[in-house]
Amino acid sequence: MVSPKSCLAIALLAVAVLLVSTRTSAQNSAEDSGARVRELLVEKRDVLAKYVDHTESQFATGELSSVDVLDAKLALLDAELELAGASEDRVKILRRQFELQKTKESQVAELYAHGNVTFKENMNAVVERIDAEIALSRAMGGE
């Protein structure tokens, strides 16, 4: 016969094994999920890089405006920011975003002055520049 103490010890051992295996399984699942997310972020960045090339080609032929090219470049920088690990890399990307947003703000203001974009589009460009400057300031303050 098995003693009650032996049964308790076996039960506790079984629970411990179950907890360890569940935790290990969850860690492996999280690692697999993290790797998959990184693959998707890389794929997104690569697609956006192709899109930038395409918009630059269309701009060269007069099919798109320079603002469209800037928007494509900003989307690419957003994807690069999601992949950036080191804070100095993030600051470099945020600095580039801020510079592009300043350029976009200026170009949209000129288009607005000529009646080619709406007031809303003009104000959105200003707010996007401010947001970029806030993000850069925060990142630089964290250094």
Side-chain angles (χ1 to χ4, degrees), residues 4-143:
K5 286 184 180 180
S6 297
C7 285
L8 181 59
I10 292 171
L12 289 175
L13 182 60
V15 169
V17 168
L18 178 65
L19 289 174
V20 168
S21 68
T22 302
R23 184 173 180 197
T24 303
S25 176
Q27 287 173 337
N28 290 341
S29 178
E31 290 171 6
D32 292 345
S33 177
R36 179 66 181 140
V37 167
R38 180 138 182 96
E39 287 174 13
L40 290 169
L41 289 171
V42 168
E43 182 180 1
K44 177 182 175 181
R45 182 207 52 208
D46 294 347
V47 167
L48 287 168
K50 289 177 187 175
Y51 182 63
V52 167
D53 292 341
H54 181 73
T55 58
E56 287 175 334
S57 296
Q58 287 188 307
F59 173 71
T61 63
E63 295 175 54
L64 290 178
S65 72
S66 59
V67 174
D68 294 320
V69 175
L70 288 171
D71 284 337
K73 288 180 177 182
L74 287 164
L76 175 58
L77 287 173
D78 281 339
E80 289 177 356
L81 189 59
E82 288 186 85
L83 285 165
S87 65
E88 66 238 16
D89 294 337
R90 295 181 63 77
V91 168
K92 287 178 188 176
I93 293 167
L94 289 166
R95 189 171 280 123
R96 289 186 359 229
Q97 282 182 324
F98 173 61
E99 292 301 322
L100 286 178
Q101 288 292 5
K102 284 193 322 186
T103 301
K104 179 181 175 183
E105 178 185 15
S106 173
Q107 289 180 7
V108 171
E110 188 174 323
L111 290 169
Y112 178 69
H114 291 93
N116 295 324
V117 298
T118 65
F119 179 76
K120 179 182 176 183
E121 290 169 309
N122 188 38
M123 291 298 99
N124 282 341
V126 174
V127 169
E128 289 169 354
R129 188 263 309 149
I130 293 168
D131 285 343
E133 190 167 359
I134 290 168
L136 176 60
S137 295
R138 284 180 175 159
M140 291 176 66
E143 290 186 319

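- The heavy-atom pair separating Ala72 from Val52 by the smallest distance is O-CG2, 3.4 Å.
- The minimum heavy-atom distance linking Ala49 with Leu76 is given by the pair N-CD1, 3.8 Å.
- In this structure, NZ in Lys92 is found 10.5 Å from OG in Ser87, a value given to the nearest 0.5 Å.
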Margin query: side chain to side chain contact (heavy atoms under 4.5 Å, CB included), that's the test. Do Leu74 and Gln101 meet it? Break it down for me.
Written below: CA-CA 8 Å; Leu74 287 164; Gln101 288 292 5; 3.4 Å; yes
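- One finds the CZ atom of Phe98 at 12.0 Å from the CG atom of Asp131 (value rounded to the nearest 0.5 Å).
- Considering all non-hydrogen atoms of both residues, Thr55 and Val69 come closest at O-CG2, 3.6 Å.
- A donor-acceptor pair under 3.5 Å links the side-chain atoms of Asp68 to the main chain of Ser65, judged by distance alone.
- The salt bridge (Lys or Arg N to Asp or Glu O under 4.0 Å) contacts involving residues 53-65 comprise Glu56-Lys73, where partners must be two or more places apart or lie in separate chains.
- Met140 places a side-chain heavy atom less than 4.5 Å from the side chain of Arg95.
- Between Leu94 and Leu81, the closest heavy-atom pair is CD2-CD2, 3.7 Å.
- Within the model, atoms CG of Leu41 and CZ of Arg36 stand 10.5 Å from one another, a figure rounded to the nearest 0.5 Å.
- For Ile93 against Ala84, the heavy-atom pair with the smallest separation is CD1-CB, 3.9 Å.
- Considering all non-hydrogen atoms of both residues, Gln58 and Leu64 come closest at OE1-CD1, 3.0 Å.
- Side-chain contact between Leu40 and Glu43: present, with at least one pair of heavy atoms (C-beta onward) separated by less than 4.5 Å.
- Sorted by first then second residue, the salt bridge (Lys or Arg N to Asp or Glu O under 4.0 Å) pairs that include residues 74-86, not counting sequence neighbours, are Lys44-Glu82, Glu80-Arg96.
- The salt bridge (Lys or Arg N to Asp or Glu O under 4.0 Å) contacts involving residues 101-128 comprise Asp71-Lys104, Glu99-Lys102, Lys104-Glu128, Glu105-Arg129, where partners must be two or more places apart or lie in separate chains.
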